[in-house]
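We use all heavy atoms of the structure for the numbers below, so side chains are in, but hydrogens, waters and symmetry mates are not. In what follows, every chain begins at residue 1, and chains take the letters A, B, ... in the order their sequences are listed.
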Amino acid sequence: MIDNRINRRNEAPDNPKGKYVLYWMQGAQRIDNNHALYIAMKHANLLGLPLLVGFVLMPNYPHAVTGHYRFMLEGLSLLQKELKQMGINWVMTLGDPVQIVAKWAEEAALIVMDKGYTRFPRHMRDVLAKRLHVSLYEVDTNLIIPVEKAYPKEAYAAYAIRPHLMKLVSEYASTVVLPKVQNDTQLCFEEGVEGTADMILSKHLTGLRSHEYTHAPRGGEIYAQKALDYFIAEHLKAYEGSSNHPNKSVVSRLSPYLHFGQISPVTIYERVLASGLPCAAFIEQLVVRRELAYNFVWYNKEYDQLERVMPDWAKESFERHSHDERPAVYSLNTLEEAGTYDAYWNAAQNELLQKGTIHNYMRMYWGKKIIEWSSNPQEAFDNMIYLNDTYAIDGRDPNGYAGIAWCFGKHDRPFFERKVFGKVRYMISEG
DNA sequence: ATCGGCTCGCGCAA
DNA sequence: TGCGCGAAGCCGAT
């Protein structure tokens, strides 16, 4: 089944003079259940070459703030140590991935990379595929079912994709067993960036917009595993009973780890199933809702353009209600500072600012309210994208774009006419 | 507290 | 071609 995750991205041959196999790691920042790492190790062993894992640290990733980088760098510094212990070379370089991977490629026998799903990571991979003159393989490892194997087009709603996913999930959710490293020759890279998250932030990332979380989760594969253990032990039972009751809000807290690929959904799936507890509601989230979000961004490249996101019935409905009176109209600034009249909404916004996450249910309520408080849907949409991308640790993620689009009728059905929203589903605070 | 209706269009059986 | 049904909705009737 691992072969079904590989996409050969060019026609170029291996470089017979290559000194190493390169795994350009970007989206899957982990060792556990990393299919791209597995493929790269297999190739290295076959060719008798050492493996180089290269990560490119971009100093100006779109929308990223210091808190995002900190979480990611915490994970990378642990990862680097683990790889070294396994006999695998690691280099992290500051700059533009296309330039740097092209440079690493000069001495590589072949290249493996993980897959990017949203516009920017995807574009970089497309550019590299055209530019490189050495074999380039792309591996879909951040989904249980690779996005193109799951469904061949943009799904209208969850019901369309659900049976396909559920039919394939057990086939694809199997543990990756990494081969032993056979050649652990140490390679030397002078341009590598090293040190703790703090050191790297203060030395190399000084141009960033500063936003630090007061209650951030800690980044890294072992903390992802701990969060999973904790969720299964303490919250899975309640999740099955009341995940749609906001006052009993049960969160898996795994989405920041999933966003940076610090944990594999395969790992989560297997561990949750192995617990023996009922888990249908959680599996629905992990498999159906998550893969639907990836399906959305993969097949609809304008996933962050309101016009391209709304179904026609929602468009017409919003238009008919464009002159409805709003209960309040808030500026981006007021929203950003959690200064509305609604204490529940402010709490959700403050949680976003301080922890970098919002409970799934609350994010929908959060979004629906922004629609109600904006003079038009376009402004609401743009503000939601901005706030989520900037403040959520897992912003800039398919789940975020799909969640925001849902607030505007995407993947949903029409409902009873009401003010401002028309036939688009509305939500009110409960208790 | 619980239930059917609201409303649209896709997916699939027929 | 027709029918079932859908992310967390609301409303009014019982």
Using atom [atom1] of each nucleotide, how far apart are [N] and [M] to the nearest Å?
N: dT1(C); M: dT7(B); atom1: P; answer: 25 Å
N: dC12(B); M: dA7(C); atom1: C1'; answer: 22 Å
N: dG9(C); M: dC10(B); atom1: P; answer: 24 Å
N: dG9(B); M: dC10(C); atom1: P; answer: 23 Å

Output one line per pair: protein atom, nucleotide atom from nucleotides 10-14 of chain B, and distance, for all N/O pairs under 3.5 Å.
from	atom 1	to	atom 2	distance (Å)
dC10(B)	O4'	Tyr159(A)	OH	3.3
dG11(B)	OP1	Tyr151(A)	OH	2.7

Does a side-chain N or O of Lys423(A) approach OP1 or OP2 of dC8(B) to a distance below 4.0 Å, or not? yes

Given the options Lys368(A), Arg418(A), Glu372(A), Tyr426(A) meets side chain to side chain donor-acceptor pair (under 3.5 Å) only with Glu372(A)

Rounding to an integer number of Å, can you tell me how far [X] [atom1] sits from [N] [atom2]?
X: Glu372(A); N: dG9(C); atom1: CD; atom2: C1'; value: 13 Å
X: Lys368(A); N: dA7(C); atom1: NZ; atom2: C1'; value: 10 Å
X: Met427(A); N: dG9(C); atom1: CE; atom2: C1'; value: 8 Å
X: Lys369(A); N: dG9(C); atom1: NZ; atom2: P; value: 14 Å
X: Arg289(A); N: dG6(C); atom1: CZ; atom2: P; value: 11 Å
X: Tyr426(A); N: dC6(B); atom1: OH; atom2: C1'; value: 18 Å

If you measure from the Lys or Arg side-chain nitrogens to the Asp or Glu carboxylate oxygens, is any gap between [X] and [Y] under 4.0 Å?
X: Lys410(A); Y: Glu154(A); answer: yes
X: Arg8(A); Y: Glu138(A); answer: no
X: Lys423(A); Y: Glu316(A); answer: no
X: Arg30(A); Y: Glu221(A); answer: no

I'd like to check the ring-ring contact (aromatic ring centres under 6.0 Å, His included) partners of [X]; sequence neighbours left out, ordered by chain and number.
X: Tyr223(A); value: none
X: His211(A); value: Tyr213(A), Tyr391(A)
X: Tyr330(A); value: Trp373(A)

Would you mind telling me which of Phe381(A), Tyr401(A), Tyr303(A) makes a ring pair (Phe, Tyr, Trp, His ring centres under 6.0 Å) with Phe408(A)? Phe381(A)

Check DNA chain B against residues 401-419 of chain A and give the residues with a non-hydrogen atom under 4.0 Å, in numerical order. Pro414(A), Phe416(A)

Taking any heavy-atom pair under 4.0 Å as a contact, classify Arg363(A): base, sugar-phosphate, or nothing. nothing

How about Tyr61(A) and Phe120(A): are their ring centres within less than 6.0 Å of each other? yes

Stems of at least 3 consecutive Watson-Crick or G-U wobble pairs (donor-acceptor distances under 3.5 Å) involving DNA chain B, listed by first number, are B:1-6 with C:9-14, B:8-13 with C:1-6

If you draw a 6.0 Å radius around CZ in Arg218(A), do more than 12 non-hydrogen atoms from other residues or ligands fall strictly inside? no

Just do the salt bridge (charged side-chain N to carboxylate O under 4.0 Å, His left out) check on Lys149(A) and Asp140(A) with the steps written out, would you? CA-CA 10 Å; Lys149(A) 302 283 178 203; Asp140(A) 192 326; over 6 Å; no

